[in-house]
Each structure stands twice: as C-alpha cells, then as structure tokens.
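Throughout, numbering of the chain's residues begins at 1 and tracks the sequence. This structure is a prediction, so every number in the text was calculated from the model and none was measured.
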Amino acid sequence: YAIYMLDLNGRVTSWNAGAERIKGYTAAEIIGEHFSRFYTPEDAEAGVPTKALETARREGRYEAEAWRRRKDGTLFWAGVVVDAIYDNGALIGFAKITRDLTERRETQLQMDQSREQLFQSQKMEAVGQLTGGLAHQKGHADYAQCVSGPAVRNGRPRGLSAMPDAHSGPALSTLGGLAQFAAAARV
C-alpha cells in the first residue's frame, strides 16, 4: 500500500516505503509536490484531483478506482481512498491510501472475455443443435437452410411458405421462433 499525507492544498507531506515502491518516487523527490502528478493528464485536466479533495472535505472520504501514473510514466490501475484528517474539529489535511489493483483488473477482464466467448459458443451450439435436429426430423435440408439465413418475413423464415404439409405447423412455428432468435442474437 502507498500511504501518505496531503496538506489542505494537496501537497505531499509524508511518504511511506509502499508509496515509493508503487509510485517510484523517493520521499525526498515527492514531499512538497502536488499529488495531481499521479493522475493521468486527462484526469488532471478534468480536475479529478481537486474533486477528490473536495469530496473528502465534504463527505469525510473519497474512494475510486482509476488509472494512476508512476514516476516512469507507466500507468497502473489503482484503488484509492482519501480520508479527511481532523484535529480538534479542524480539517488539517488528508490521508491517502493507494493500492495497485492492475493484476486484479486484468484477471477480471480476462474472466469477462472468457464468459462472453463461452456464452457466444453456447448460443451457436444451441442454434446448431436445434436446426440440425429439426432438419433431420422433417427430412428437409431446406429447414436448416432457411433458419441459418438472416431474413425473417412476417414472423416466419423466408422460404418456408413453399413447403407446407400436414405436419408442418409445429415445425414452422418452432423454426420461425428459432430464426427470430438467431437474427436477434446475430448468430
């Protein structure tokens, strides 16, 4: 953890070894400097450091997760807490705690991507099984062909109106719903 103190204006007044390890600055380099240097240029220009101190001043605490900048310019995903510090009821500064959450964020993003890929794969498999089963059941390859096409007209897959027979009602209804599902799911 990077743990350090800020004065009322956001200048660093203390610095621990965790802060040096995470951020790359020695205490001699950073004490007296404004903490906005840890923000991305976009966040600094948008006033995010000022808003963080204003929120901590007003509510007692500010919490966020966002990109932060190290001394060498590299970015890391940070969990940030800024607490207002009082002495005898008077605000005297802020305690800031920063955690490097980059690995956790990357792991979460990879898990989200894997879940999405699995979901897409399962949709494709379900559509394939349904179209294959219905085509086999009716003995018409045309059923699978019309469902795999993206066009649905009047709630029915294009091309089915030419193939009615005594048993086609339930199959056409199922195929129409399947074709609508496939079109909506963009499979």
Side-chain angles (χ1 to χ4, degrees), residues 1-129 150 177-178 180-187:
Y1 293 91
I3 302 172
Y4 53 98
M5 299 291 294
L6 303 172
D7 68 14
L8 293 174
N9 298 314
R11 301 217 173 266
V12 177
T13 60
S14 72
W15 195 249
N16 77 344
E20 184 173 340
R21 182 180 52 76
I22 291 173
K23 304 232 185 218
Y25 294 93
T26 65
E29 293 174 306
I30 201 66
I31 290 180
E33 297 294 325
H34 197 270
F35 83 115
S36 61
R37 73 173 40 218
F38 307 130
Y39 287 74
T40 64
E42 298 80 16
D43 283 351
E45 289 173 19
V48 175
T50 301
K51 291 174 188 171
L53 294 184
E54 288 172 356
T55 301
R57 183 178 278 123
R58 184 178 60 252
E59 299 176 16
R61 173 172 275 214
Y62 169 83
E63 293 183 63
E65 285 190 17
W67 291 109
R68 293 295 184 264
R69 195 167 38 124
R70 292 186 173 93
K71 177 183 176 182
D72 66 6
T74 59
L75 298 178
F76 67 100
W77 189 252
V80 179
V81 176
V82 180
D83 284 313
I85 304 298
Y86 293 89
D87 185 20
N88 292 322
L91 179 65
I92 60 170
F94 304 93
K96 189 156 189 303
I97 301 170
T98 303
R99 292 176 50 201
D100 185 346
L101 302 176
T102 306
E103 285 185 30
R104 184 190 83 179
R105 183 174 190 272
E106 288 173 0
T107 299
Q108 184 64 47
L109 289 174
Q110 289 172 353
M111 287 174 48
D112 292 347
Q113 287 175 337
S114 293
R115 266 192 222 105
E116 179 61 24
Q117 289 171 349
L118 177 61
F119 177 69
Q120 293 299 329
S121 172
Q122 289 171 335
K123 277 196 322 189
M124 292 298 292
E125 182 180 352
V127 169
Q129 288 176 356
L178 181 58
Q180 288 174 336
F181 166 78
R186 296 188 185 119
V187 237

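- Taking the ring axis of Y39 as reference, the NZ or CZ atom of R68 stays within 45° of it and closer than 6.0 Å to the ring centre.
- A distance of 7.0 Å separates OG1 of T102 from CZ of F76, quoted to the nearest 0.5 Å.
- For residues 4-26, there are no salt bridge (Lys or Arg N to Asp or Glu O under 4.0 Å) pairs, not counting sequence neighbours.
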Table please: side-chain donor-acceptor pairs of residues 29-37 below 3.5 Å, with sequence neighbours left out.
unit_1, atom_1, unit_2, atom_2, d
E29, OE1, T26, N, 2.7
E29, OE1, T26, OG1, 3.2
E29, OE1, K71, NZ, 3.2
E29, OE2, K71, NZ, 2.4
E33, OE1, R37, NH2, 2.9
H34, ND1, S36, N, 3.1
H34, ND1, S36, OG, 2.9
H34, NE2, N9, O, 2.9

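- Qualifying side chain to side chain contact (heavy atoms under 4.5 Å, CB included) partners for I92, counting only residues two or more places apart in sequence or in other chains: I85, D87.
- Heavy-atom minimum distance, W15 versus Y25: NE1-O, 2.8 Å.
- Side-chain atoms of F38 and R69, non-hydrogen and from C-beta on, never get closer than 4.5 Å to each other.
- Within a 6.0 Å radius of OH in Y86, other residues, nucleotides and ligands contribute more than 12 heavy atoms.
- Sorted by first and then second residue, the pairs that involve residues 88-98 and meet side-chain hydrogen bond (donor to acceptor under 3.5 Å, both in side chains), not counting sequence neighbours, are Y4-K96, K96-T98.
- Side-chain N or O atoms of D100 include none that pairs as donor or acceptor with a backbone N or O of I22 at under 3.5 Å.
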Less than 3.5 Å apart, which donor and acceptor atoms pair up between the side chains of residues 43-55 and the rest of the protein, not counting sequence neighbours?
unit_1, atom_1, unit_2, atom_2, d
K51, NZ, A46, O, 3.3
T55, OG1, K51, O, 2.9

Applying side-chain contact (heavy atoms from CB on, under 4.5 Å), run through L75 and T40 and close with a yes or a no. CA-CA 8 Å; L75 298 178; T40 64; 4.0 Å; yes
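- Checked against salt bridge (charged side-chain N to carboxylate O under 4.0 Å, His left out), R61 has the following partners two or more places apart in sequence or in another chain: E63, D83.
- When side chains are defined from C-beta on, L101 counts as touching E65, because their heavy atoms get closer than 4.5 Å.
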